[in-house]
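Below you'll find the structure, written out as structure tokens, and then a few comments.
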Amino acid sequence: MARGVSTGIPGAISAAQAAALRGGALPPVERLRPGLWSIPVPFAVGVPDFTLCYAIDGGAAGLALIDPGWSDPGSLTALEHGLTAIGRRIDDVSLVLITHLHLDHLGAATVIRNRTGASLAMHPLDVGHIRGWAAERVDDAEEARGWGVPSALLPGVLAAWGTGRGAPVPDPEHFAVDLDLIDGMTVDIGDTRLGVVHTPGHTDGHVCLLDEADGILFSGDHVLPRINPGVGLGGRTQRNPLDDAIRSLERVARLPDAGRLVVAPGHEYRFRGLPDRAAALIAHRAERTAHVARALDALDRPTLYDVASLVPFHGGIGSMSGFLLASAVAQTGYHVRALGREDEVRIAD
Ligand SMILES: [Zn+2]
């Protein structure tokens, strides 16, 4: 889940993905190199409207999938069609690697694990957020009540953000992971070696996966070509997800040969120019922090909603409700925290 369109936008490497984007169509299944494919998996709700799943042929080790997409039947069928197109089946999957806990990436993982016995791998911080889901939503609701959202909009915010939020898939009680993805470790899939790069920000446990030999970074939602990924969207955290996101962007921009890497993101299209794209995303964050600082300067004892109202969000906060509004106010709070100015914000009764 991500939103907002920024400047500093790299072009697509793949003509097919560029053409699909222009035509508003789903891109085709593509082979990036022998034994590596991208499979678009559409889903019914949300923006953007498809996830790019990556399939890696590990020979005798079986097939690995990075981010298999949503668990709804239409998405699963699309994934199966994509696997058929590359001459594989769901039953061939032996490993599912997850960049982060969002359902457009993780949703199908448990279904595949249950069906095929495939191992599931993700970062323990995101596993913790799934396990703590119910308790975190109680605290989210409590916090959102203090934001000062107009009363007519508050029920929608609580429904999207707090305990009214739809039950998660997978079910936290029955969620099992077979392999922790820890920063610095490597995962071998046949001849392909992926290095785990922990990139907190979008979620605490977000990871990118680096195929150094082939010069490919699977970037999940950490770096996308056109969308500014939201931060702190993985659950309640003691960290400042905004600071995390900036550090994580600086980190991937410093990877060996970062400028030559093919960035294979979770949405949109593949591109090169990671350092420039990371710099554009950092600049966007800095600009927003400056807007929040000016709003705090201009207001006397504001609520967080008052502050957010002065931030030029895409479309303006007046056009928002539900999850978008909740996310915009929460993001504003991270900028206030990054400025160290929490004391200036009043909790509404
Ligand atoms: Zn996503």
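Counting starts at 1 for both ligands and their atoms, following the listed order.
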H267 atom (N/O/S) at minimal separation from the Zn ion (ligand 1):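 Sorting the N, O and S atoms of H267 by distance to the Zn ion (ligand 1) puts NE2 first.
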
Minimum-distance atom from the Zn ion (ligand 1) among N, O or S atoms of H105: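 Minimum-distance N/O/S atom of H105 relative to the Zn ion (ligand 1) is NE2.
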
Where the Zn ion (ligand 1) is the vertex, angle from D104 OD2 to D221 OD2 to 10°: 160°

Expected list for residues 146-158: side-chain donor-acceptor pairs under 3.5 angstrom, two or more places apart:
none

Criterion side-chain contact (heavy atoms from CB on, under 4.5 Å) against S309, the qualifying member of L299, I317, V329, T303: I317

Single-linkage hydrophobic cluster, 4.5 Å side-chain cutoff, L296 and F313 together: yes

Aromatic plane relationship, H202 with H100 - under 30° parallel, 30 to 60° tilted, over 60° perpendicular: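 Ring orientation, 0 to 90° scale: perpendicular.
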
Any N, O or S atom of H102 closer than 2.8 Å to the Zn ion (ligand 1):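 Short answer: no, not a single N, O or S atom is under the cut-off.
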
